[in-house]
Amino acid sequence: MSRFLLSLGALALLASPILPGCIGADGFGNPDDPTINPVDDDDGDDDDDAPVDGTSFHGVVRDADGWPIQGVAVTTSNGFDAESDHQGRFSITDIDPTERALVNFAKPGYAKSQTPFEIIEDVENFLSQQMAEVDFTDTFAASAGLSIELDDQASVVLPAANFVDADGNAYDGEITVEVTSYDLTSDMEMGNEIFAIPGDFTAVDINGDDQSLESYGMLQLNLWGESGEELNLAELTSTVVMPMQIQSSDDPAIQELIDDDMPLVGDTIPAWSYDETTGKWIEEAVGTVIELADGTLAWEFEAAHFSTWNCDYPLPTHGCVTGQVTNSQGQPRQGATVRAVGMSYTSTTTARTSADGTFCIEVKNGETVWLEISYTVSGQPASQRTDPVTIPAGQSSCTDGNYNDCVDMGVIPVDIMSCVTGVVIDTQGAPVQGADVVSPQGGIAQTDATGAFCLAVPVFQATQVYVLTGQDEMGFQPVQMYTQPGLPDCQSGCPNIALLRPYTNTSCASGEVVINSQSAPNILVEAYDANYPEVAVFSTLTTADGSYCVEIPAGGEVVVMVGAGESVCGSETINASGLGGEVCDESSQTECSPVPDFVCNL
């Protein structure tokens, strides 16, 4: 249908948040309005998309379903704080750089979370954070204790008269308990909570050695007294049972990797608790794989205290993934956050991109992962997930400096998304319902009963917006603007506004198509406005004798193209200046612009 449709596959690489200027009668941003910047006519080195001076920290907090969470208290271990707004966003400017800040997230009704994060100097540091809703809450008497069983068959036994405050003093009042059993294996679109867990799967084992972990289950339990003081267990331990969380896949190759590491009844797996002061998992105990009455595998251990507990093996060997993060214009992105997420095992690892946009991230070798990449410009976030990649079985590492053994993802373009909103009207000014509105730089949308649409596009770029039309239908003048920040779903309004209306002055062009020495019927003929060359504005099909007449915009250069995709026969440029009023009608007294015959062999 058009050149635009040939490049729709590229849209799969674009993801997540942002917005765009009013359109004048000529279809461009109003040049008399100083608040609107239509098209960037300089050398392309715009300041809007350049790194800002100073060090800042931005982020967005969402729940497991992707909805923003307002009112989250965000604090850092180096003394800074913020609160998320109605869009889940928070921002800290002029933050001190540090190699490892512990960023805490807290809100009633959600499990506490903490993420170790590097604050890079003179960079807009960005973190996409998730929080998990509390699964169970209750109030009980300390003297009575409590037995808890969750819907997923996780269970906890809290012994009676076995609670102390932070100073070790016995507590004998009412206790509020909250329990969260993290979902680590559902699809990301179906409530997976792996980005909500505390820490980054880095750990210290019982010998004091650093480890990276893969999990088979995780549970957080918090206890509070009547005055809101934090409580914990005294001398007696608490029996905890967690159902084993094991990945599954429709891909036979990935499922084979999962089956190879399947735990068995009787296996022992270390128990690790999360240390909020170091941001590390600490090996403290050991649990045993058991089988529940319904055949479900579970893991049982004795907890000496409560925080967040994790059923984990240390990763036995490592592989690595490298790549370079840029925007769609090829500019490298320093400080982008890259997270590798296991598909055949349950773990994540995190890296940040260097000044040239490159990264190296360690993963479990012989397994399959995908990457999530995020960064921000002027506080506006961009995020994208890559296709899965399987890591070879050979050992490799980011620390030895020999990246040749790593899996290289190449250049990964990631754009911040904004929006274009507007209306499509006909020649009488009436709204056009059901029109397809597209941008080669962004996505596609359809107008509603009022002719309105909302279109996702990259921010801080020259963007063209078109109406897709069928054969022999009226054509609409495209518009072009330089997009400004906004939300891609047009929440809270959109600053980039387009009025799409039919061409007010048109003409026509005619000719014949000969393919393989024969007149060619039913061949697509398209007309492109040379000022907007990405998408056809008029089109028709050749008749039985191979002839055609196609409507064209008047007043400038027009490109007439025959064929589409790999079957393009040829194209001709017409100067339509001075034309207007000519129509494809045999009874008309005017003639259409003749086009040399298209003759080709296919």
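Note that the structure is predicted; figures quoted are calculated from it, not measured.
- P413 and N327 make their closest contact through CB-O, 4.0 Å (heavy atoms, listed as atom of the first residue, atom of the second, distance).
- At least one side-chain heavy atom of V535 sits under 4.5 Å from a side-chain heavy atom of L468.
- Of the possible polar contacts, none joining the Q334 side chain to the D122 backbone as a donor-acceptor pair under 3.5 Å is found.
- Residues I552 and E582 form no side-chain contact, since every pair of their non-hydrogen atoms from C-beta on lies 4.5 Å or further apart.
- A side chain to side chain contact (heavy atoms under 4.5 Å, CB included) with T386 is found for one member of I373, V414, V321 and no other, namely I373.
- A heavy-atom distance below 4.5 Å is found between the side chains of V562 and I523.
- The six-membered or imidazole ring of F57 lies away from that of F126, with a centre-to-centre distance of 6.0 Å or more.
- A donor-acceptor contact shorter than 3.5 Å is absent between the side chain of N125 and the backbone of I119.
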What verdict does the side-chain contact (heavy atoms from CB on, under 4.5 Å) test give for E193 and S186, after you've listed the backbone C-alpha separation in whole Å, the side-chain angles of each residue and the deciding distance to 0.1 Å? CA-CA 8 Å; E193 295 170 333; S186 291; over 6 Å; no
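- T447 places a side-chain N or O within donor-acceptor distance of the main-chain N or O of A435, the cut-off being under 3.5 Å.
- Taking all atoms of both residues into account, the shortest heavy-atom contact from Q324 to D356 is NE2-O, 2.7 Å.
- Using a 3.5 Å distance cut-off with no hydrogens or angles, the side chains of E512 and S519 do not pair a donor with an acceptor.
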Would you check, one step at a time, whether the test side chain to side chain donor-acceptor pair (under 3.5 Å) holds for T115 with Q129? CA-CA 8 Å; T115 299; Q129 180 67 33; 2.7 Å; yes
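- Although no hydrogens or angles enter the test, the distance criterion places no donor-acceptor pair under 3.5 Å between the side chain of Q518 and the main chain of I515.
- Taking each heavy atom of T348 and F195 in turn, the nearest pair found is CG2-CE2, 4.1 Å.
- Pairs of residues two or more places apart, or lying in two chains, that qualify as side-chain hydrogen bond (donor to acceptor under 3.5 Å, both in side chains) and include a residue from residues 546-561 are T506-E551, T543-S547, D545-S547.
- A donor-acceptor pair under 3.5 Å is formed between the side chain of T463 and the backbone N or O of Q461.
- For S507 (side chain) and G580 (main-chain N/O), no donor-acceptor pair under 3.5 Å exists by modelled atom type.
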Verify disulfide bond (SG atoms under 2.5 Å apart) between C320 and C406, making sure each step is shown before the conclusion. CA-CA 5 Å; C320 49; C406 299; 2.0 Å; yes
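- Checking Y466 against Q464 by side-chain atom types alone, a donor-acceptor pair falls below 3.5 Å.
- At least one donor-acceptor pair closer than 3.5 Å links the side chain of E362 to the backbone N or O of C398.
- Q477 contributes atom CD, which lies 10.5 Å from atom CG of L499 (distance to the nearest 0.5 angstrom).
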Could you go through W370 and M343, starting from their C-alpha distance and side-chain angles, then the distance that decides it, and tell me whether this counts as side-chain contact (heavy atoms from CB on, under 4.5 Å)? CA-CA 7 Å; W370 54 266; M343 296 182 66; 3.4 Å; yes
Pair R339-T349, side-chain contact (heavy atoms from CB on, under 4.5 Å): steps then yes or no: CA-CA 6 Å; R339 290 196 280 202; T349 46; over 6 Å; no
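- Between F117 and R352, the shortest heavy-atom contact is CZ-NH1, 3.4 Å.
- Within the 4.5 Å cutoff, side-chain heavy atoms of I412 are placed close to those of Q384.
- Checked by atom type, the side-chain pair T368/T390 shows a donor-acceptor distance below 3.5 Å.
- Side-chain N or O atoms of T76 include one that pairs as donor or acceptor with a backbone N or O of F80 at under 3.5 Å.
- Ion pair R385/E189 flagged as a salt bridge, since at least one NZ, NE, NH1 or NH2 atom sits closer than 4.0 Å to an Asp/Glu carboxylate oxygen.
- Side-chain contact of H58 with T376: a donor-acceptor pair under 3.5 Å is absent, judged by distance alone.
- Checking D408 against T322 by side-chain atom types alone, a donor-acceptor pair falls below 3.5 Å.
- Residues passing the ring-ring contact (aromatic ring centres under 6.0 Å, His included) test with Y503 are F538, sequence neighbours excluded.
- In this structure, M188 CE and M190 CE are separated by 13.0 Å, a value rounded to the nearest 0.5 Å.
- In this structure, D96 and T55 have side chains that are not in contact, with every pair of non-hydrogen atoms separated by 4.5 Å or more.
- Separation of atoms CD1 (I95) and CD (E121) is listed at 12.5 Å; rounding is to 0.5 Å.
- Cysteines C494 and C454: SG-SG separation is not under 2.5 Å.
- A 4.5 Å side-chain heavy-atom check between V437 and I444 finds every atom pair outside the cut-off.
- Smallest separation of non-hydrogen atoms from V123 and G335: CG1-CA, 4.0 Å.
- Although no hydrogens or angles enter the test, the distance criterion places a donor-acceptor pair under 3.5 Å between the side chain of T353 and the main chain of A336.
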Stepwise, does the side-chain contact (heavy atoms from CB on, under 4.5 Å) test hold for S128 with T337? CA-CA 9 Å; S128 178; T337 301; over 6 Å; no
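- Rounding to the nearest 0.5 Å places CE of M131 at 10.5 Å from CG of D63.
- Side-chain N/O atoms of S249 and D251 include no donor and acceptor closer than 3.5 Å.
- Across V537 and F476, no two heavy atoms sit closer than the pair CG1-O, 4.1 Å.
- Between the side chains of E367 and S344, at least one donor N or O lies within less than 3.5 Å of an accepting N or O.
- Rounding to the nearest 0.5 angstrom, the gap separating the CE atom in M409 from the CD1 atom in I361 is 11.0 Å.
- In this model, C592 has its SG atom within less than 2.5 Å of the SG atom of C508.
- Taking 4.5 Å as the limit, every side-chain heavy atom of Q130 sits out of range of all side-chain heavy atoms of I194.
- Rounding to the nearest 0.5 Å gives a distance of 7.0 Å between CG of D85 and CD of Q70.
- Two residues are said to be in side-chain contact when any heavy atoms from C-beta on lie closer than 4.5 Å; V72 and F90 fail this criterion.
- A side-chain N or O of Q441 and one of S439 form a donor-acceptor pair less than 3.5 Å apart.
- With T421 contributing its side chain and F453 its backbone, the two residues share a donor-acceptor pair below 3.5 Å.
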